[in-house]
Enquirer: 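Structure provided below as structure tokens; questions to follow.
Residue numbers start from 1 in every chain, and the chains themselves are labelled A, B, ... in the order their sequence lines are given, proteins ahead of strands. Being a predicted model, the structure only gives us computed values, none of them experimental.
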Protein chains: 2
Amino acid sequence: MSANSRLTIAAHALAWIGLYQRQGHEVATSEQIAASANTNPVVIRRLLGELRRSGLVESRRGVGAGWSLARELGSMTLLDVYEAVEPGPLFAMHRTTPDQGCVVGHGIQPAMQDIYEGIEETVRHELARVTLEDVLRNVLATPR
Amino acid sequence: MSANSRLTIAAHALAWIGLYQRQGHEVATSEQIAASANTNPVVIRRLLGELRRSGLVESRRGVGAGWSLARELGSMTLLDVYEAVEPGPLFAMHRTTPDQGCVVGHGIQPAMQDIYEGIEETVRHELARVTLEDVLRNVLATPR
DNA sequence: ATTGTCGTAACAATTAGTGTTGCGACTATC
DNA sequence: GATAGTCGCAACACTAATTGTTACGACAAT
């Protein structure tokens, strides 16, 4: 399955920025976030770039530059982040077209497509129920 | 996200075997199934091997060998297939441990874990609602 | 002018999945 | 028994996606 941590890292970055801003800072740098997530600043910049395209964060350049939230954490859901950051569907079809001369080969993709769409819709619904505010609250509630 | 078609191919194989058996044949060969799915017989054997370990299919060896269903299609759900065939979780954590000295780095994994577990549970529930009988019916209902 | 940070390209490293070949093991049939 | 068809499985190449890294230009506060 997917060894894909994009949603996790994106949520981490947003929670970090949010908390940092609440502590009175204007912007957070990719280097700070990368240190917390234990990865490379460029990885963070790439991810935050996608979040910016979706209107979740803003960035400044120049000296004293960095990243800030474009909206309140409470108004961002994991679905917003997911859509900004995850390209493909949860389940994939055959990578080559099955034999269209075979009844099963011909009908399997539409059949599975229907099922998968329903499941993705459910997942989206679940993701939409969780705000980044919720995430940050849970993060802070973790016992040390 | 995941370019992972294991569940799709496994469902394809099961539907194919089921239909073939209804047409009066005892067993289906990996070569026949591979032709329908437009892939390599070894890929099919690998997948069906996992389904056998979970008790969904049986295999015979020797001349006239092949695969047959171990249970009725109506008693198999996509969840059974999913669990037989998909190893990991839907969403992954950081691949390296985040900075445990940082509040966010320390709390993010438990927080996301909770959320992800809830979502996986929902997905399992959805998968459990669909039997392979349903899949085959939808396959056959696809207009030509 | 200097400095710190983003923006982005390029490429290596890693990982998971898929495709392919080869060959031994097994068994129905002759 | 010998033959032939098919699985079982190992080994390895190929592909694609993600992640990690380096490099360097663009930009803006000082």
Side-chain angles (χ1 to χ4, degrees), chain A residues 1-10 12-13 17 20 25-35 37-53 57-68 70 82 85-98, chain B residues 1-10 12-13 17 20 25-35 37-53 57-68 70 82 85-98:
Chain A
M1 135 117 335
S2 66
N4 156 324
S5 56
R6 299 165 67 81
L7 181 58
T8 303
I9 304 285
H12 186 147
I17 299 173
Y20 196 60
H25 303 90
E26 291 243 330
V27 298
T29 70
S30 60
E31 191 160 358
Q32 295 170 317
I33 302 168
N38 192 12
T39 181
N40 192 291
V42 176
V43 174
I44 300 297
R45 293 209 284 267
R46 277 200 290 239
L47 267 176
L48 289 180
E50 298 177 44
L51 296 184
R52 181 184 46 213
R53 240 176 279 129
V57 299
E58 290 166 348
S59 67
R60 288 191 214 159
R61 311 177 68 171
V63 169
W67 301 85
S68 52
Y82 177 79
V85 137
E86 297 283 358
L90 238 34
F91 302 101
M93 286 297 147
H94 311 61
R95 48 174 33 181
T96 59
T97 308
Chain B
M1 142 120 318
S2 66
N4 156 324
S5 56
R6 298 165 67 80
L7 182 58
T8 304
I9 304 286
H12 186 146
I17 299 172
Y20 197 59
H25 304 89
E26 291 243 330
V27 298
T29 70
S30 59
E31 190 159 359
Q32 295 170 317
I33 302 167
N38 193 11
T39 180
N40 191 291
V42 176
V43 174
I44 300 297
R45 293 208 284 267
R46 277 201 289 241
L47 268 176
L48 289 180
E50 299 177 44
L51 296 184
R52 182 184 47 213
R53 239 176 280 130
V57 299
E58 290 166 348
S59 67
R60 287 190 214 161
R61 310 178 69 171
V63 169
W67 302 84
S68 53
Y82 177 78
V85 136
E86 296 282 358
L90 237 35
F91 302 102
M93 286 297 145
H94 313 63
R95 49 174 33 180
T96 59
T97 310

Enquirer: Between D:dA4 atom P and B:Arg60 atom CZ, what is the distance in whole Å?
Expert: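 Whole-Å distance recorded here is 22 Å.
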Enquirer: Do any N or O atoms of the protein come closer than 3.5 Å to N or O atoms of nucleotides 12-14 of chain D, and which pairs are they?
Expert:
none

Enquirer: Check the angle between the aromatic planes of B:Tyr82 and A:Phe91 and answer parallel, tilted or perpendicular using the 30° and 60° thresholds.
Expert: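 Perpendicular.
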Enquirer: Rounded to the nearest angstrom, tell me the gap between atom CZ in B:Arg95 and atom P in C:dT15.
Expert: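 In whole Å, C:dT15 P lies 6 Å from B:Arg95 CZ.
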Enquirer: To the nearest Å, how far apart are A:Glu50 CD and C:dC6 C1'?
Expert: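 The distance from CD of A:Glu50 to C1' of C:dC6 comes to 16 Å, rounded to the nearest Å.
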Enquirer: For D:dT6, take OP1 and OP2 only and decide whether either is under 4.0 Å from a side-chain N or O of B:Ser59.
Expert: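 For D:dT6, neither OP1 nor OP2 has a side-chain N or O of B:Ser59 closer than 4.0 Å.
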Enquirer: Determine: side-chain N/O of B:Thr29 to OP1/OP2 of D:dT6, distance under 4.0 Å, yes or no.
Expert: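 Answer is no, no contact under 4.0 Å.
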Enquirer: Report, as a single string ordered 5' to 3', how protein heavy atoms within less than 4.0 Å touch nucleotides 22-30 of chain C: B base, S sugar-phosphate only, - not at all.
Expert: --BBBBB--
Enquirer: Nearest-nucleotide wise, let me know which of B:Asn40 and A:Ala28 is further upstream toward the 5' end of DNA chain C.
Expert: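 Upstream on the strand: A:Ala28.
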Enquirer: Measure CD/B:Gln32 against P/D:dT6 and give the value in whole Å, please.
Expert: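 Spelled out: CD on B:Gln32 to P on D:dT6 is 8 Å.
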Enquirer: Roughly how many Å is it from NE2 in B:His12 to C1' in C:dT18, rounded to a whole number?
Expert: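 After rounding, the reported distance stands at 16 Å.
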Enquirer: A:Thr39 side chain N/O closer than 4.0 Å to the phosphate oxygens (OP1, OP2) of D:dT19?
Expert: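 A:Thr39 to D:dT19 OP1/OP2: no side-chain N or O under 4.0 Å.
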Enquirer: Expressed as a whole number of angstroms, how long is the span from B:Asn38:CG to C:dT18:C1'?
Expert: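 So the CG-C1' distance, B:Asn38 to C:dT18, works out to 13 Å.
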Enquirer: Report the distance from atom CG of A:Asn40 to atom OG1 of B:Thr96, rounding to the nearest 0.5 Å.
Expert: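 Result: 10.5 Å between the selected atoms.
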Enquirer: Return the set of residues passing side-chain hydrogen bond (donor to acceptor under 3.5 Å, both in side chains) with A:Thr39 (not counting sequence neighbours), or none when no residue passes.
Expert: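 Here no residue qualifies.
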Enquirer: For B:Arg46, which residues count as a side-chain hydrogen bond (donor to acceptor under 3.5 Å, both in side chains) partner, sequence neighbours excluded?
Expert: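 By the side-chain hydrogen bond (donor to acceptor under 3.5 Å, both in side chains) rule, B:Arg46 matches no residue at all.
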Enquirer: Whole-Å distance between D:dT19 C1' and B:His94 NE2?
Expert: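 Rounded to the whole Å, the gap is 13 Å.
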Enquirer: Could you tell me the separation between the OG1 atom of A:Thr8 and the CZ atom of B:Arg95, rounded to the nearest 0.5 Å?
Expert: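 If I round to the nearest 0.5 Å, the distance is 12.0 Å.
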Enquirer: Under the side-chain contact (heavy atoms from CB on, under 4.5 Å) test, which residues partner B:Leu47, sequence neighbours left out?
Expert: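 Per chain and number, B:Leu47 pairs via side-chain contact (heavy atoms from CB on, under 4.5 Å) with B:Arg6, B:Ile9, B:Val85.
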Enquirer: Please enumerate all residues that pass side-chain contact (heavy atoms from CB on, under 4.5 Å) together with A:Ala13, with sequence neighbours excluded.
Expert: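 Result, side-chain contact (heavy atoms from CB on, under 4.5 Å) vs A:Ala13: A:Ile33, A:Leu48.
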Enquirer: Any chance you could measure A:Arg45, atom CZ, to A:Ser30, atom OG, to the nearest 0.5 Å?
Expert: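 If I round to the nearest 0.5 Å, the distance is 4.0 Å.
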Enquirer: Which whole-number value in Å describes the distance from A:Arg52 CZ to C:dT5 C1'?
Expert: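 Checked: the CZ to C1' distance equals 13 Å.
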Enquirer: Taking atom OG of B:Ser59 and atom CZ of B:Arg52, what is their separation to the nearest 0.5 Å?
Expert: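 B:Ser59 OG to B:Arg52 CZ: 4.0 Å, rounded to 0.5 Å.
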